[in-house]
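Reviewing the structure listed below.
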Amino acid sequence: MVFSSLIFLFGFLPLNLLLYFVIKNQTYRNVILIIFSLSFYAWGEPIWISLLIFSATIDFFHGKIIDKYRGTKLATLALISSIFVNLSLLGIFKYSGFLMSNINMVFNISLPVKEFALPIGISFYTFQTLSYTFDVYKGEVKAQQSYHKFLLFVSLFHQLVAGPIVRYKDIADEIENRTTTYDKFHYGINRFVIGLGKKVIIANTAGELSSRFLDQPFNQLSVVSSWFGISLFALQIYFDFSGYSDMAIGLGRMFGFTYKENFNFPYIAKSATDFWRRWHISLGSFFRDYVYIPLGGNKLHHLRNIIIVWFLTGLWHGAHWNFVLWGMFYGILIMVEKIFLSKWLVKLPKLLQHSYLLVITLIGWTLFYFTDLTLCLSYLKIMFGMSTQPIITATFYIQFANNIFFYIFACIVATPIMNNVLKLLITKLKHGQTVENYLIICRNIVIIVVSITLLVGETYNPFLYFRF
Amino acid sequence: MHKKINIIIFLLIIFVVGITNLGNTIIQKSDTLEVDESELMPVLDLQQLTSGNYFRAYDDQFTSNFLYRENLILLSERFDLIKGIDFGDDLELVSSKGINVANKLNEKEGVMSTEWGNILIAGDAAMEVHSYNEEAIKAYPEAINRIEQAIGIKTYSMLVPTQIEFEENPIYSDISYSQKDSIEMVNAYFNKEVTPIDVYTTLQNHKDEYIYMRTDHHWTALGAYYAYVAFIEALGEVAVPIEAYETKSKDGYLGSLYNLTHSSKISVNPDVVTAYLPIVETTYRTSDGSHWSDGSVVNLKFFKESEQNYGVFLGGDSPLSVITTSVDNDQRILVIKDSYANAFIPFLTSHYEEIHIIDPRMFECHIETYVADNDIGEVLFLNYVLVNRYNGYSGFFEEMLSAE
């Protein structure tokens, strides 16, 4: 099931809210959340829910062992076991096909390649439970003694499928005692609705548009349209991902959970380093705290650590070499910036710094989009005028004109401009705060209505018509 | 205070919409916008549950029975209009996946082709945009060559250009690849035993007449008539004058391109479908692979009982159909075609005793056997030029050669 679907919005969510808020007992409330979360997951993955429960159960016991035998070899063994189990799960279900095809290629043999259908969310929940056992080991948090409370942490449907990666220590208190208030619920609704709008109105539209450029035969592209196309993908992936995070954070808040922010307007960054402090923050900080720093950080084997972390960051996104390339691309840039580039960049006018970041981001997304590296290379060549494609065509003018309002709107919403303008309005107008309050309500209604419309529109399949 | 209002409004919306749509998965409406049989709930058993099919079907049911669904679909298509502005001459480009793409690579039922097709909306007309595909332009004539060599009878090829080719504003040729070039490239690959028929010239000469539809990707029967004249004269025969035909018309037709785009720009000016009734007696049978049924060459049921008015020509596409006429000249022709031929074939009835019609996407027999068994003397391959935008179509030809 996905948040941006009619059945979630008008079936699952109302039912969940109804049961949760009618029943006042905290334990029953947790049970309700667990049941709904497991159902949410099972709806999309009826079989692989077993994997989720297995991962949660085994790390529940790992956590208890580490806590009980703290300081002894057994605790360390339990940690290693947790790492081994989680990474094996990930390795088998996500990377085995990739591994086998690479072995076949390198050794020129033909071992059977079994491709598993990737169980949804496995990249998230294995990392979540890993962060738990690590934090228990480091003594930053006490092991959860109650199985159902731990299962709640792992399976909570808000962040299970698409993040943010929530660390146990961040919500440990709220699992035990959380409060739901009008303030939190109101905030939660706003975040949720914004996320819904980002996903359905902007991301889905941008995605459909970008596909026309990225998936059509390249002989129809021009230089300008190739940049336009990948910029649409950049918008799609940002609004899709950050929209989901917004919805997760919003839902969490409605139920009394506070999750950390996952995105902070990444496209206004002025360098690759800055970008990664704003993009998928929960992943970046996971790798920083659990891989980079344990390996020595910038104190010991700095270069090696950066390469490892960015290799893994890339690989986490998908079992293909282009993702690794994408990770390494940023790793190298960040290193170069650290060594000397940052010092030059800050001397440049802000506009150039922003332009630098936008260009490298778009190149990065090209690496990210094409799992086939030959296509990737062809596309990059077109972008940099190293192909026979024209600079611009009549088709592009039409396509751009046909989508100009949407494009500008999406670009603006990707920056804090709207928030800043709103804040200015409040200070200048007489009853600014009231105006803002009611504007927000209107905005919510508009987003919901438009989203329903678009979601229903998406279900129309004209292909069935073509028998004549 | 405003926070409570916000909360109440939000809850109201999700609960009200939720409750009014509660019955969605129990009641099944028939949807007037689409034809599909796959909207039944699967049986609630372990296999369906564990594969996720049951939940997927539940999802589908919920959304396909959503209240006011048809209105919402039309409304969502209106949203397209506010994304931007038209360019120049009222030009708008709409892209759609899987439009009229018969693709050997995607034959599985219900799998939408992943190819993008572009439709240009210019003023009140919609037109498909042509694109260059080197592989397809070569594969198509080569497949026809192979069939000709296998069956050894007179072989003709007719590629029909579409409306966008004859627009005068040079911007059209910037957007849409030259169909003249496509035709010439294809013809260059033909063996000398294959005779290309030129209909480009005649259609160009008549371009200011109503030879193409505005809301559909097909030509009109008038356009098909001009092509028929070109064909029959290339064979050295005399065409039936157009005044000899009785006609039947239906107005208010909103065709394929309207269904794909739901553009209000083209719905203001619907098409008129005119059919020219054959002047000889005809019987018409179609086969779905196992059963034969009777039909009409010009099937007026599609004017009276259906919105798919283009189906008046031959009743639409079938794997195999046969027309027998009262013409007693022992001439039998096989037409291997896409739906453009449907408007064209009725005119052939004055010249052949039998016309056999094969749709290569659906036909599953061995072509040599078929030609021999039925004593066919000539074969005509009739497609519109845009069939070669994508790879895969010629694969259907190959299949007919190798079928058992």
Side-chain angles (χ1 to χ4, degrees), chain A residues 1 5-7 9-11 13-14 17 43-47 182-183 185-186 189-190 193 205 211-212 215-217 219-220 393-395 397-407 434 437-438 440-441 444-445 448 450 452-468, chain B residues 2-7 9-11 13-15 17-18 21 33-36 49-52 55 58-59 62-64 66 69 72-73 75-77 79 82-88 91-93 95-96 98-100 112 114 116 131-133 171 174-175 256 259-260 308 310-311 316-317 339:
Chain A
M1 200 184 285
S5 67
L6 295 167
I7 196 146
L9 293 170
F10 303 109
L13 185 60
L17 288 171
W43 190 276
E45 298 280 358
I47 307 244
Y182 283 117
D183 267 357
F185 203 87
H186 163 77
I189 290 176
N190 291 342
V193 172
T205 310
S211 185
R212 299 186 207 179
D215 298 337
Q216 289 214 57
N219 64 11
Q220 296 181 39
T393 60
T395 308
Y397 286 122
I398 302 178
Q399 286 168 322
F400 187 72
N402 289 165
N403 294 290
I404 192 171
F405 297 146
F406 169 77
Y407 190 69
T434 317
N437 293 340
Y438 287 96
I440 287 178
I441 295 180
N444 288 354
I445 297 176
I448 295 176
V450 174
I452 296 177
T453 310
L454 292 177
L455 283 172
V456 173
E458 266 171 26
T459 65
Y460 173 60
N461 180 358
F463 181 60
L464 298 165
Y465 236 178
F466 278 91
R467 294 171 56 226
F468 295 102
Chain B
H2 70 275
K3 295 186 185 172
K4 293 207 179 126
I5 295 180
N6 189 21
I7 294 174
I9 291 180
F10 177 76
L11 291 175
I13 294 178
I14 63 174
F15 276 98
V17 176
N21 282 295
L33 285 184
E34 288 134 272
V35 177
D36 69 303
L49 270 178
T50 55
S51 62
F55 299 121
Y58 206 92
D59 262 325
F62 190 82
T63 50
S64 56
F66 204 78
R69 178 167 177 249
L72 288 172
I73 288 177
L75 186 60
S76 86
E77 311 237 345
F79 277 130
I82 62 172
K83 286 196 311 220
I85 53 181
D86 282 345
F87 182 76
L91 294 178
E92 185 192 337
L93 259 178
S95 294
S96 188
I99 55 166
N100 204 31
M112 213 162 77
T114 52
W116 279 103
S131 55
Y132 174 61
N133 181 330
I171 197 173
D174 282 341
I175 303 165
S256 59
N259 285 314
L260 266 173
Q308 310 263 27
Y310 189 78
D317 296 333
S339 53

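Contacts of Asn403(A) with chain B are made by both backbone and side-chain atoms, with heavy-atom separations under 4.5 Å. Using a 4.5 Å cut-off between heavy atoms, Leu6(A) touches chain B through backbone and side chain atoms alike. Within the 4.5 angstrom heavy-atom criterion, atoms from both the backbone and the side chain of Tyr132(B) approach chain A. Only the side chain of Tyr438(A) comes within contact range of chain B, judged by heavy atoms closer than 4.5 Å. Only the side chain of Asn444(A) comes within contact range of chain B, with heavy atoms under 4.5 Å apart. For Leu9(A), the part sitting under 4.5 Å from any heavy atom of chain B is the backbone (N, CA, C, O) and nothing else. Of the two parts of Leu11(B), only the side chain, counted from C-beta on, holds a non-hydrogen atom closer than 4.5 Å to a non-hydrogen atom of chain A. Only the side chain of Thr205(A) comes within contact range of chain B, with at least one heavy atom under 4.5 Å from a heavy atom of that chain. With a threshold of 4.5 angstrom between heavy atoms, Ile9(B) approaches chain A through side-chain atoms but not through N, CA, C or O. Of the atoms belonging to Leu17(A), it is side-chain heavy atoms, and not backbone ones, that fall under 4.5 Å from chain B.
Among the candidates Ile445(A), Leu13(A), Asp183(A), the residue making the largest number of heavy-atom pairs closer than 4.5 Å to chain B is Asp183(A). With respect to chain A, the highest number of heavy-atom pairs below 4.5 Å among Ile7(B), Ile175(B), Ile5(B), Leu72(B) belongs to Ile7(B). For the options Thr393(A), Ile404(A), Ile398(A), Ile448(A), heavy-atom pairs under 4.5 Å to chain B are most numerous at Ile398(A).
Between the side chain of Asn21(B) and the backbone N or O of Phe66(B) there is no donor-acceptor pair closer than 3.5 Å. Judged by distance alone, with hydrogens and angles left aside, the side-chain atoms of Asp86(B) form no donor-acceptor pair with the main-chain N or O of Asn402(A) at under 3.5 Å.
Here the straight-line distance linking atom CD of Glu92(B) with atom NZ of Lys83(B) works out to 8.5 Å at 0.5 Å rounding. A distance of 10.0 Å separates CG in Leu455(A) from OG in Ser76(B), rounded to the nearest 0.5 Å.
Between Phe10(A) and Ile452(A), the shortest heavy-atom distance links the atoms CZ-CD1, 3.4 Å. The two residues Asn6(B) and His186(A) have their closest heavy-atom pair at ND2-ND1, 3.0 Å. Across Gln399(A) and Leu93(B), no two heavy atoms sit closer than the pair CG-CD1, 3.8 Å.
With sequence neighbours excluded, the residues forming a side-chain contact (heavy atoms from CB on, under 4.5 Å) with Asp174(B) are Ala394(A), listed by chain and number. Taking the salt bridge (charged side-chain N to carboxylate O under 4.0 Å, His left out) definition, one finds that Lys4(B) meets it with nothing, sequence neighbours left out.
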